Amino acid sequence: MRTSNFLLSTLKETPADAEVISHQLMLRAGMIRKVAAGIYNWLPVGLRVLRKVETIVREEMDRAGAQEVLMPTVQPAELWQESGRWEQYGGELLRMQDRHNRDFCLGPTHEEVITSLISNEIRSYKQLPANFYQIQTKFRDERRPRFGVMRAREFIMKDAYSFHLDSESLGQTYDLMFDTYSRIFTRLGLHFRAVEADTGSIGGNASHEFHVLADSGEDAIAVCDKYDYASNVELAEALAVGGPRPSATQSLTKVDTPDQTTIEQVSRFLKLDASNTVKTLLVHGAEGGLVALVLRGDHELNEIKAQKHPLVADPLVWATDDEIKHAVGCAPGSIGVVELSVPVIADRSAANLADFVCGANEDGVHYTGVNWGRDCAEPDVFDLRSVVAGDQCARADGNGEDDQLSITRGIEVGHIFQLGTKYSEAMNATCLDNNGKAVVMPMGCYGIGVSRIVASAIEQNHDSRGILWPDSMAPFQLVITPIGYHKSEAVKSTCDSLYTTMQEHGIEVLLDDRNERPGIMFADADLIGVPHRVVIGDKSLSNGTVEYKYRRNDAAEDVPQNGIVEFLLDRMLKN
RNA sequence: CGGGGUGUAGCGCAGUCUGGUAGCGCAUCUGGUUUGGGACCAGAGGGUCGGGGGUUCGAAUCCCUCCACCCCGACCA
């Protein structure tokens, strides 16, 4: 490609509404342009990168024996009513009507369509297992789209759905997809991590998310390298801190704590560490009424864990101040476990405390020296809190120094699920087993955020001048920057010749044949992140050399003109 | 959905408080001088000041209303 014939819409200044570096650089490099909130045009530079990602994903899915299909973006309501999600799915499902007032939606995901399709196409166990994928546009009407294509409303996703005779087969395909995803993200040159994930409302046995590690990531991940453990903080098991519960040494004492409502205020007022206090949070119970969730003062409630407790309403609903007043007789800042009239669920660490502080269910009053079993009933013990850095890894034997969790941030670019029969049952997707008996097919589903990968790769690979694409994702592998293309016949013919030769070798090469100053050409090439650059000018040609520079290196090197093709091919194959 | 903010040329912004008919830098176009890290000189084009309504002799500016976009939060797979 010659720049004279290519839309290189680079910007010198950063558009004001771009917050994260990937969004800024994608706009500056002329990869994307906003059409509406969370909806983008992909310009030639951006699309070339997107296609690179798609190609790698496609190659690896094909390699894993998955079959590519293409399903529609617009889906009839009937399918969603059949699965029950027409009512369940919230505002993210963009609904619309056609000219006959029939209901449709823009597909945010394709379980319904694929299950309906396959239930008609697959009849026999002999056709199983089968895995179908597509790379297609999804629409989710996010409440708050942000960060460019990172969290867009319209985006490109690779979604795959597998069908099985039994859960063992599902497990095998799940493992295969796990490996396939690892290969994909490795080939893309990303620094990633597979993490255990919550199965959410879909349920099922197993789920892993694949995260590109980046400080700007929206997810927190708990990691322990010693045990090769990584889990979304939403899920990561929190062990009790501080060993078995000591025996009581203090007596129950009521103390006045006027206007002290937060843990911070109370612990400062009583000159105690927050870890000697508990906080009592009231939420709606699964069967109505309220339930108390008790955590150590310095710990945070994990709502996802809490709503898994059978006594807790799912989804979790906080008690209002009025409900608390009515049930306990005080404001939220003074709730405690002594003589509390609602069921008490305590986090493991809170349950291990002795002689602790809690509210007295009376405004402005707290208890000190509280002990479980003596001053109140033994609580129902449950893992309620989010892990924090320094917590012991749940896999650890407890003897090592390096078995502590650290917290890192990630961008979710892949998610694999064992769905089970949720959709196949709702939509009656069965096949006949070898006894001629109809079996509801267990399913797996496997997603990759293709457009999100592009942004997350930039989050991980950039410098002050622009993008540092991994070679596998670069819009061009090589840029030829002439010095004096329009003045020197030698420069022009050398550049043209190298350009043609490299193209014949299948290299995607950009020849900057604009009549611009070198600084502009260098700046653009660096901005869009072409990994390999050759500069050709009269000065070096007179020495029989051309200049080569790798985008990630500071220094350039002179290469003999007659060996440049082999040199470049060697460099590109190496990467 | 709650809170906050911003809408003026393709991009970045000033002008709004204190009403007088729109400006700067970059980008674009023309001519010239330049040419190894975002040049210089001269000239040119480009804006119903987010939309609608109102006040006024006169509105980018004041008032009402709608919309869009961004940020924080809540929510959500």
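Quick caveat: nothing in here was measured; it's all calculated off a predicted structure. First the proteins, then the strands, lettered A, B, ... as listed; each starts at 1.
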| request: Take atom P in B:rC62 and the same atom in B:rA14, then report the distance between them in whole Å. | output: 15 Å
| How long is the line joining CG of A:D159 and C1' of B:rA77, in whole Å? | 14 Å
| field | A:S4 and A:D513 side chains, donor-acceptor separation under 3.5 Å | value | yes
| task | For A:L527 and for A:W318, find the nucleotide of RNA chain B with the closest heavy atom, then tell me which residue's nucleotide is more 5'. | result | A:L527
| Looking at the side chain of A:D526, which of B:rG37, B:rG36, B:rC71 is the nearest nucleotide? | B:rG37
| query | Contact class for A:R533 (heavy atom, under 4.0 Å): base, sugar-phosphate, or nothing? | reply | base
| query | Tell me: CD of A:E218 to P of B:rC75, nearest whole Å? | reply | 15 Å
| query | Between A:E459 and A:S216, is a side-chain hydrogen bond (donor to acceptor under 3.5 Å, both in side chains) present by the stated rule, with each step listed? | reply | CA-CA 8 Å; A:E459 290 292 325; A:S216 57; 2.6 Å; yes
| note | Pairing partner of B:rC24, by Watson-Crick or G-U wobble and under 3.5 Å for both distances, is B:rG12
| task | Identify whether any heavy atom of A:E412 sits under 4.0 Å from a base atom; if not, whether one sits that close to sugar-phosphate; answer base, sugar-phosphate or nothing. | result | nothing
| message | At 4.0 Å (heavy atoms only), tell me whether A:R151 reaches a base, stays on the sugar-phosphate, or touches nothing. | response | nothing
| task | Give the nucleotide from the list B:rU35, B:rG36, B:rC69 with an atom nearest to the side chain of A:A37. | result | B:rC69
| said: When the C1' atoms of B:rU48 and B:rC29 are compared, how many Å lie between them, rounded to an integer? | reply: 24 Å
| remark: By side chain to side chain contact (heavy atoms under 4.5 Å, CB included), A:E87 pairs with (sequence neighbours left out) A:Q81
| query | Which part of the nucleic acid does A:E209 contact within heavy-atom distance under 4.0 Å: base, sugar-phosphate only, or nothing? | reply | base
| message | Please report the distance, rounded to the nearest Å, between CG in A:L94 and C1' in B:rC76. | response | 16 Å
| task | Could you check how far CZ of A:F139 sits from P of B:rC76, rounded to whole Å? | result | 20 Å
| note | Those residues at least two apart in sequence (or on a different chain) that pass ring-ring contact (aromatic ring centres under 6.0 Å, His included) with A:F522 are none
| Rounded distance in Å - CZ (A:R517) to C1' (B:rU34) | 6 Å
| said: Measuring from the side chain of A:Y89 (C-beta onward, heavy atoms only), which nucleotide among B:rG38, B:rA77, B:rG36 has the closest atom? | reply: B:rA77
| said: Given B:rA77, B:rC75, B:rG37, identify the nucleotide with an atom nearest to the side chain of A:K549. | reply: B:rG37
| message | Rounded to whole Å, how long is the line connecting atom OH of A:Y423 with atom C1' of B:rA77? | response | 10 Å
| Who does B:rC1 pair with, Watson-Crick or G-U, both distances under 3.5 Å? | B:rG73
| query | Given that A:I520 and A:K34 both sit by RNA chain B, which one's nearest nucleotide is further toward the 5' end? | reply | A:I520
| note | Taking B:rC70, B:rG38, B:rU35 as options, the one with an atom nearest any side-chain atom of A:K487 is B:rU35
| task | Assign the ring pair A:F192 / A:F185 to parallel, tilted or perpendicular, where the plane angle (0 to 90°) is split at 30° and 60°. | result | tilted
| query | Considering residues at least two apart in sequence or located in another chain, which fulfil the side chain to side chain contact (heavy atoms under 4.5 Å, CB included) criterion with A:A18? | reply | A:H23, A:Q24, A:L27
| field | Nearest-Å distance once atom C1' is located in both B:rA9 and B:rC49 | value | 10 Å
| field | Watson-Crick/G-U partner (both atom distances under 3.5 Å) of B:rU61 | value | none
| query | For A:E142 and B:rC71, what is the distance between atoms CD and P respectively, to the nearest whole Å? | reply | 13 Å
| What interatomic distance, in whole Å, is found between C1' of B:rU6 and the corresponding atom of B:rU16? | 14 Å
| Of all residues at least two apart in sequence or in a different chain, which pass the side chain to side chain contact (heavy atoms under 4.5 Å, CB included) check with A:A556? | A:E547, A:K549
| query | Expressed in whole Å, how much space separates the C1' atoms belonging to B:rA27 and B:rC64? | reply | 38 Å
| note | If pairing means Watson-Crick or G-U wobble with both distances under 3.5 Å, then the partner of B:rC40 is B:rG32
| task | Check ring-ring contact (aromatic ring centres under 6.0 Å, His included) between A:H462 and all other residues, then give those that pass, not counting sequence neighbours. | result | none
| remark: note: A:R28, atom CZ; B:rG12, atom P; distance rounded to Å ~ 12 Å
| request: For B:rG12 and B:rG7, measure between their P atoms and round to the nearest Å. | output: 12 Å
| task | Once you apply the 3.5 Å cut-off to both distances, tell me the Watson-Crick or G-U wobble partner of B:rC17, or none. | result | none
| field | Watson-Crick or G-U wobble partner of B:rA68, both distances under 3.5 Å | value | B:rU6
| task | Would you classify A:R465 as touching base, sugar-phosphate or nothing, given that sugar-phosphate means primed atoms plus P, OP1 and OP2, and contacts are heavy atoms under 4.0 Å? | result | base
| request: Output the residues of residues 12-24 of chain A in contact with RNA chain B, where contact means a heavy atom of the residue under 4.0 Å from an atom of the strand; sort by number or write none. | output: A:K12, A:E13, A:T14, A:P15, A:A16, A:D17, A:E19
| P-based separation of B:rU61 from B:rU8 [nearest Å] | 14 Å
| Is A:R143 near enough to B:rC75 that one of its side-chain N or O atoms lies under 4.0 angstrom from OP1 or OP2? | no
| Just checking, is any N or O donor in the side chain of A:N131 or A:Y446 under 3.5 Å from an acceptor N or O on the other one? | no
| request: Look at all strands and tell whether A:E234 reaches a base, only sugar-phosphate, or nothing, counting heavy atoms closer than 4.0 Å. | output: base
| For the base of B:rG36, is there a side-chain donor-acceptor partner from A:E547 under 3.5 Å away? | yes
| request: In whole angstrom, give me the gap between the C1' atoms of B:rG15 and B:rG23. | output: 8 Å
| Does A:R33 make a cation-pi contact with A:Y40, if we ask for NZ or CZ under 6.0 Å from the ring centre and within 45° of the axis? | no
